[in-house]
Amino acid sequence: MRDIATRILATFIGMFVLYTSAFGPFESLVQRAVFVGLSVSLGLLMYPLWEGRRLRPVGIALDVAAAAVTWISCGYIAANYDRIMNSLPWATAADIAMTAGLVIVLLELGRRVVGVIFPVLVIAGLAYALVGHHIPGALGHRQFDMYFVTETLFLGDLGIWGSLTGVAATVIAAFVLFGAVLLHTGGGQTFMDLAMRLGGQSPGGAAKMATISSGLFGMVSGSAVANVATTGNFTIPLMKRLNYPAPFAAAVEAVASTGGQLAPPIMGAAAFVMAEILGISYVTVMVAAILPAVLFYLSVFVTVHVVSLRRGLRIMDPSEIPVWGKILEWRRALPIVAALGGLFWGIFTGRSVQSAAFMGIAALFVAYVITSLGRRSLRDMGKQVMAALDDAGRGLVIIGVLLAGAQILVAMINLTGIGVTLSSLIVTLAGSSVVLVAIIVGLICLIIGMGLPTTAAYVLVAAVLAPALTGVGVRPLAAHMFVFYFATISVITPPVCVAVFVGAGIAQTSWLPAAREAVRLGALTYVVPFLILIYPGMTGQGGVLAIVEALITGLVLVVAIPFALARMPLTGRAIIDMPLYAAIIALAILPHPAAPPAAALILFAAWKIGGRRADASRLDPDARAALHPDPQE
């Protein structure tokens, strides 16, 4: 019974998103209240309290009560949105009760969905707002009573119903639906086949295939952990079957899935939040993310390649790799081309982002029908569409709950001014040094982001830490891209590397060696945020020469860092290789117009002079045999 109700409600949420994407959202508070009510209700069905325990009957009663509290609160906002926005009413005891009830439900559901860390942070923010006036010194603030906090959180669009919830209910929801429809109408298999074709027949083919496919899926899903759990169930067993070390297989999947959130055109939900916070278009964020994302995946690809050479990891069996004719068959390519064409046509003609997403979905539906005629029945096509709506609805639960909860914390940060205070303390500690401020901010981002989904982590660090960077002269877009990157890679950074945990579980190996492999595979990602601060061209700003300078720097590092970490011979003389790598990396990062080209020339010259002599030492006989296995085996 619960499964049926879950499916019906998830499909209804998908239809709600489709309708509001096509015809425009309702009034802001109405749209957000309905979305939160639907998301919480579905979350209570998907994550029931005390399931499988003797206390389950009590859990059912509590879940029903939680749903009732949610709909009473959300219904009150939807019914009174005009009065709330125009007259700014004073809070009453009933308002306090509804606010407290809704906050408790959101935090409890957040605990069920992502664990205890997130609700603890939100509770700490609420407690600070209510009792922080007792704290002496710079960390204290003026007193706020329960009525004022309620008016901030509930009776306006700065608290629970703020911009983060608004983005989740419109833009993010539309793109989650876009991704679900694309994957359920054949795009998922096409992505996998394309990845096999591109990477399968070179050293470490299965790992390269996993990198490409997970990146493609990650761009659509926007969730590293969810992506590891889905594509990883195919890619990790494939790598293990070819005798790849289990920690390496888990790390490849975790890192590649994480990069999908950084890669245009459909990045993770945090990118839409960034656009909302900065008050810029999503296209601007997307353009700023192109070069860093390219460098991220190039570095992973190069690292996989050199590790595969050193370890002699096997290529994929040619019989498992689809031919180009099958991959590029018009029936398979047309839906993807139509979806992306409709999306970009909407974006570049000035439509709203959610309207552009709907255009992509509409074009995809048309192409899917055209390519399915004579091959599938209308019933089968309808089942796929309904499955996509169901999948989208389920995927929105974690986004709706987390962003509504994060909006509570952001509202309290803004109310108390603690974000400005902490930023000032960081600047005071580091002085005017951009490098020191960036290092401190990066470390704090990694700590805050551990155990949290990327979107929630980004929201927290953007509110508290991005102002510290802008305070020392960093451009706002660069500052937010910096904290966005560190918030994202927190899921592969020990000790709380959630994406690695999931990958290690699938690979049936210990998480610690998998985490070490993940840090090595994603090593360049820890450098890219600093390049964003140093080189304006890294985010597409500063003109053509600035972009070229950033590109040269990035390409040198893409080669030098993975080769150095894998101890690949450069000159053929081990005693000078590592110092030479260090000098090349340092020169590439140096913020001087002549430095990146000089680093590139030194790297190329060293390779030409000593590279041929080093080739023979790169592979031992066993490694060569593994790369080209006997077909009779």
What closest approach, in Å, do [X] and [Y] show between heavy atoms, and which atom pair accounts for it?
X      : Y      : answer
Val474 : Ala479 : CG1-N, 3.7 Å
Phe178 : Ala357 : CD1-O, 3.8 Å
Ala367 : Pro335 : CB-CA, 3.7 Å
Pro597 : Ile552 : N-CG2, 4.1 Å
Ala363 : Gly342 : CB-CA, 4.4 Å
Val181 : Ala388 : CA-CB, 3.7 Å

task = Output all residues satisfying salt bridge (Lys or Arg N to Asp or Glu O under 4.0 Å) with Asp193, sequence neighbours left out; order by chain, then residue number.
result =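 Asp193 satisfies salt bridge (Lys or Arg N to Asp or Glu O under 4.0 Å) with Arg332 only.
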
Value rounded to 0.5 Å, distance of [atom1] in [X] from [atom2] in [Y]:
X      : Y      : atom1 : atom2 : answer
Leu343 : Leu364 : CG    : CG    : 11.0 Å
Ile236 : Arg241 : CD1   : CZ    : 14.0 Å
Phe272 : Met286 : CZ    : CE    : 9.5 Å
Ile172 : Leu403 : CD1   : CG    : 5.0 Å
Thr553 : Leu295 : OG1   : CG    : 9.5 Å
Ser490 : Tyr458 : OG    : OH    : 14.0 Å

Are side-chain heavy atoms of [X] and [Y] found at a separation under 4.5 Å?
X      : Y      : result
Cys445 : Leu465 : yes
Val461 : Ile444 : no
Val302 : Phe563 : yes
Ile492 : Val519 : no
Phe296 : Leu524 : no
Phe301 : Pro562 : no
Met274 : Met481 : yes
Leu278 : Leu477 : yes

Is it the case that the side chain of [X] and the backbone of [Y] share a donor-acceptor pair, with hydrogens and angles ignored and the cut-off at 3.5 Å?
X      : Y      : answer
Thr284 : Ile280 : no
Lys240 : Ala249 : no
Tyr297 : Ala256 : yes

request  = Under the side-chain contact (heavy atoms from CB on, under 4.5 Å) rule, collect the residues that match up with Thr488, sequence neighbours excluded.
outcome  =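 Thr488 satisfies side-chain contact (heavy atoms from CB on, under 4.5 Å) with Thr258, Gln261, Leu262, Thr454, Phe484 once adjacent residues are dropped.
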
key: Qualifying residues under side-chain contact (heavy atoms from CB on, under 4.5 Å), relative to Ala251, sequence neighbours excluded   =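 In terms of side-chain contact (heavy atoms from CB on, under 4.5 Å), with neighbours along the sequence ignored, Ala251 is linked to Glu517, Ala518, Leu521.
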
Tabulate below the donor-acceptor pairs under 3.5 Å that side-chain atoms of residues 578-586 make, not counting sequence neighbours, or state none.
from, atom 1, to, atom 2, distance (Å)
Tyr581, OH, Met568, O, 2.9

Can you give me every donor-acceptor pair (side chain of residues 526-551, partner residue at least two apart or in another chain, under 3.5 Å) with its distance?
from, atom 1, to, atom 2, distance (Å)
Tyr526, OH, Thr493, OG1, 2.7
Tyr535, OH, Ala588, O, 3.1
Tyr535, OH, Ile589, O, 3.3
Tyr535, OH, Leu590, O, 3.0
Thr539, OG1, Pro536, O, 3.1
Gln541, OE1, Arg475, NH1, 2.3

inquiry  = Determine whether the aromatic ring centres of residues Phe486 and Phe482 are separated by less than 6.0 angstrom.
reply    = yes

remark   = Sorted by chain and number, sequence neighbours left out, side-chain hydrogen bond (donor to acceptor under 3.5 Å, both in side chains) with Thr470 holds for none

ask   = Where do Tyr282 and Val171 land on the side-chain contact (heavy atoms from CB on, under 4.5 Å) test, with the steps shown first?
value = CA-CA 10 Å; Tyr282 172 69; Val171 176; over 6 Å; no

inquiry  = Using the rule given for side-chain contact (heavy atoms from CB on, under 4.5 Å), can you reason through Thr525 versus Val300, listing the C-alpha separation, both sets of side-chain angles and the distance that settles it, and then say yes or no?
reply    = CA-CA 9 Å; Thr525 314; Val300 175; 5.7 Å; no

Neighbour count >12 (heavy atoms, 6.0 Å) for atom CD, Gln508 = no

